[in-house]
Number of protein chains: 2
Amino acid sequence: MSEQKNVGFQDIRDEVLNRIQTRVWPQGSLLPTEIELAAEFGCARATVNRALRELADQGIVTRKRKGGTRVVTTPVKQAKLPITVVRKTIEEMNAQYRYALVSRTVIDCPAWLQAKLGLPEAANIVHLTCMHQADNRPFQFEERWINVDAVPHVTNEDFLTTGPNEWLLAEVPFSNAEIAFSAVPATGPLQEFLSVPTGTPLFQLERTTWFQNKPVTFVRMTFHQGYQMRTTY
Amino acid sequence: MSEQKNVGFQDIRDEVLNRIQTRVWPQGSLLPTEIELAAEFGCARATVNRALRELADQGIVTRKRKGGTRVVTTPVKQAKLPITVVRKTIEEMNAQYRYALVSRTVIDCPAWLQAKLGLPEAANIVHLTCMHQADNRPFQFEERWINVDAVPHVTNEDFLTTGPNEWLLAEVPFSNAEIAFSAVPATGPLQEFLSVPTGTPLFQLERTTWFQNKPVTFVRMTFHQGYQMRTTY
DNA sequence: AATCATATTATGTCCAGAATAATAGGGATA
DNA sequence: TATCCCTATTATTCTGGACATAATATGATT
């Protein structure tokens, strides 16, 4: 009987990956051509192509026309960390989320921010500070600057019940961003709002966001003492 | 004359993305079917499929059989941060890289590490501490534990000239990992090797690595004062 | 020896057709 | 009303073919 099981592109992808991991095809070596692999697996070349393209997307192999498909020598792993709103982070911990607006002012864009956003001239900025609490304990202190020019009706929003985080995500859903992580000492409002002694090491995330090459917002999020940001690859 | 330019899948992807960004197809709405889109763009359905699949991979839309293709309501951005060896990080800054082994011992696996790696029983561990310098200034202090069972000939390696980072990458190139970022105070060897006062906030990266479900290594990398890890999305 | 044109080759992209799998929605049934 | 089942719809995947494109190798010319 022995039914010939049809191979899918996933089977091919997995088998090729396996051969790479077990050094059948060692690092830096050239794989057989798509035609040869298609013959071996008994499928169309397009199927092999699909499989190899996925491996190329993952950075396992590199492909060049005429050059063939090659196992990369030093794979560059990419840790993917999902950027989500604080509320969800807290809710996923099964903790009670609470948001509070601390201050809201409209200001002229300070010089340092103008440089950071790449703004050619002075602009109106909505400046916000807010607190996010988990089970009534400080979780994250957020300081945010929003470019009024990019999101005009931000001036109508009071941010009393919804954080700027979520508001902007709904308003400007598809944007680009630059992110920087660092460790900073607790000073001024940080130590106050996060209830820690002066100088306590705190995890901080700064993010500048653009939409269609127009600067939208800069945010500085500082987390409670001992916070760990986790991910896998 | 007006030559009809052939549309590629990239054109379709870009056009669809554009319509989503400009709210022609607002968040949560249902896109036309592949057949309809193929008719509109004058191409085969496979081409539309390729385009939509890419958008789905990017998390812009979700696709379900029968359910159709839908614009996601709250796009979950994924910041991709390339994990590379310290040497390359430093060399990309056009700084001189210098590596030094601080200590190397073979120990029985301590209980906390056994738990972290999920090891069922006691095991041999190679414990290393090393320093990475950029232009003769402290850059990163690395403390590493390697599971001898997973990489037996680690016992033959003295790590005098090559860091365990690079050695392992060549040895176990395709692995999975869990990563945690945090801010810690400088204490003990940290303040000493990184030349900072006690309690200075330092950026720290912890990583546990598996290969084929076998724990390989745990590493704690602590960076110099003021270090920022950067990425985009 | 150096340069240029040409042929070769492997991947990239596309097409039209078909079979498959999941599921939403409607209708029949309890 | 609630539950189950059928069916139409839609995305998913594969096929086998075709042409396009980029990089390399080869050969001819200078």
Side-chain angles (χ1 to χ4, degrees), chain A residues 2-20 24-73 75, chain B residues 3-20 24-73 75-76:
Chain A
S2 83
E3 281 286 317
Q4 171 70 16
K5 177 80 172 59
N6 251 9
V7 292
F9 78 95
Q10 309 200 9
D11 302 312
I12 298 177
R13 162 168 50 69
D14 293 345
E15 174 58 21
V16 170
L17 179 58
N18 188 50
R19 290 187 193 175
I20 291 174
V24 175
W25 292 325
Q27 292 168 257
S29 68
L30 205 57
L31 266 56
T33 69
E34 293 188 346
I35 295 176
E36 289 168 336
L37 287 174
E40 181 194 336
F41 289 106
C43 66
R45 191 172 76 90
T47 308
V48 174
N49 181 283
R50 173 83 193 271
L52 293 184
R53 197 175 56 233
E54 285 218 354
L55 291 176
D57 288 343
Q58 293 172 37
I60 309 287
V61 300
T62 56
R63 322 192 68 198
K64 271 198 314 204
R65 284 177 180 166
K66 163 75 179 176
T69 304
R70 201 173 279 277
V71 184
V72 298
T73 50
Chain B
E3 281 285 318
Q4 170 71 16
K5 178 81 170 60
N6 251 10
V7 291
F9 77 94
Q10 308 200 10
D11 302 312
I12 298 178
R13 162 167 53 68
D14 293 345
E15 173 59 19
V16 170
L17 180 58
N18 188 50
R19 291 187 193 175
I20 290 174
V24 174
W25 293 325
Q27 292 168 258
S29 67
L30 204 57
L31 265 59
T33 70
E34 292 188 346
I35 296 176
E36 290 168 336
L37 286 173
E40 180 194 336
F41 289 107
C43 67
R45 227 185 67 247
T47 309
V48 173
N49 182 283
R50 172 84 191 268
L52 293 184
R53 197 174 56 234
E54 286 217 353
L55 291 176
D57 287 344
Q58 292 173 36
I60 309 287
V61 299
T62 56
R63 320 191 70 198
K64 271 199 315 203
R65 281 181 179 161
K66 165 68 182 175
T69 304
R70 199 173 279 279
V71 184
V72 299
T73 49
V76 176

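The basis for the numbers below is simple: all heavy atoms, side chains too, and nothing from hydrogens, waters or symmetry mates. Lettering of chains follows the sequences in order, A, B, ..., and the numbering in each one begins at 1.
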Enter the distance from [X]:[atom1] to [Y]:[atom2] here, rounded to the nearest 0.5 Å.
| X | Y | atom1 | atom2 | value |
| --- | --- | --- | --- | --- |
| Ile60(A) | Arg13(A) | CD1 | CZ | 10.5 Å |
| Thr47(B) | Gln10(B) | OG1 | CD | 12.0 Å |
| Arg50(B) | Ile12(B) | CZ | CD1 | 11.0 Å |

Starting from [atom2] on [N], measure out to [atom1] on [X] and report it in whole angstrom.
| X | N | atom1 | atom2 | answer |
| --- | --- | --- | --- | --- |
| Leu31(B) | dA11(D) | CG | C1' | 13 Å |
| Glu34(B) | dT9(D) | CD | P | 16 Å |
| Leu30(A) | dT24(D) | CG | C1' | 13 Å |
| Phe9(A) | dA19(C) | CZ | P | 21 Å |
| Ile12(A) | dT15(D) | CD1 | C1' | 12 Å |
| Leu52(A) | dC14(D) | CG | P | 13 Å |
| Arg53(A) | dT13(D) | CZ | P | 11 Å |
| Leu37(A) | dT15(D) | CG | P | 13 Å |

Q.
Is it the case that the base of dT12(D) and the side chain of Arg45(B) share a donor-acceptor contact (distance under 3.5 Å, atom types as modelled)?
A. yes
Q. Would you say the side-chain atoms of Glu36(A) pair up with the backbone N or O of Thr33(A), donor to acceptor, closer than 3.5 Å?
A. yes
Q.
Just to be sure I understand the rule, does Arg50(A) reach a base, reach only the sugar-phosphate, or reach nothing, if contact means heavy atoms closer than 4.0 Å?
A. sugar-phosphate
Q: Report which part of the nucleic acid Gln10(B) touches: base, sugar-phosphate, or nothing (heavy-atom distance under 4.0 Å, all strands).
A: sugar-phosphate
Would you tabulate the nitrogen or oxygen pairs shorter than 3.5 Å linking the protein to nucleotides 5-7 of chain D?
none

Q: Can you spot which of Leu37(A), Leu52(A), Asn49(A), Leu30(A) makes a side-chain contact (heavy atoms from CB on, under 4.5 Å) with Thr69(A)?
A: Leu52(A)
Q | Leu55(A), Asp11(A), Val48(A) screened by side-chain contact (heavy atoms from CB on, under 4.5 Å) with Val16(A), the one that passes | A | Leu55(A)
Q) Counting only non-hydrogen atoms, which of residues 54-70 of chain A are less than 4.0 Å from DNA chain C? A) Arg63(A), Lys64(A), Arg65(A), Lys66(A), Gly68(A), Thr69(A)
Q: Indicate whether OP1 or OP2 belonging to dT9(D) is found under 4.0 Å from a side-chain N or O atom of Thr33(B).
A: no
(Q) Counting only side-chain nitrogens and oxygens, does Asn49(B) get under 4.0 Å of the OP1 or OP2 atom of dT13(D)? (A) no
Q: Answer whether the closest heavy-atom distance between the side chains of Trp25(A) and Pro32(A) falls below 4.5 Å.
A: yes
(Q) Taking Glu34(B) first and then Arg63(B), would you say they form a salt bridge - that is, a charged N and a carboxylate O separated by under 4.0 Å? (A) yes
Q | Presence of salt bridge, Arg45(A) and Glu40(A), under 4.0 angstrom | A | no
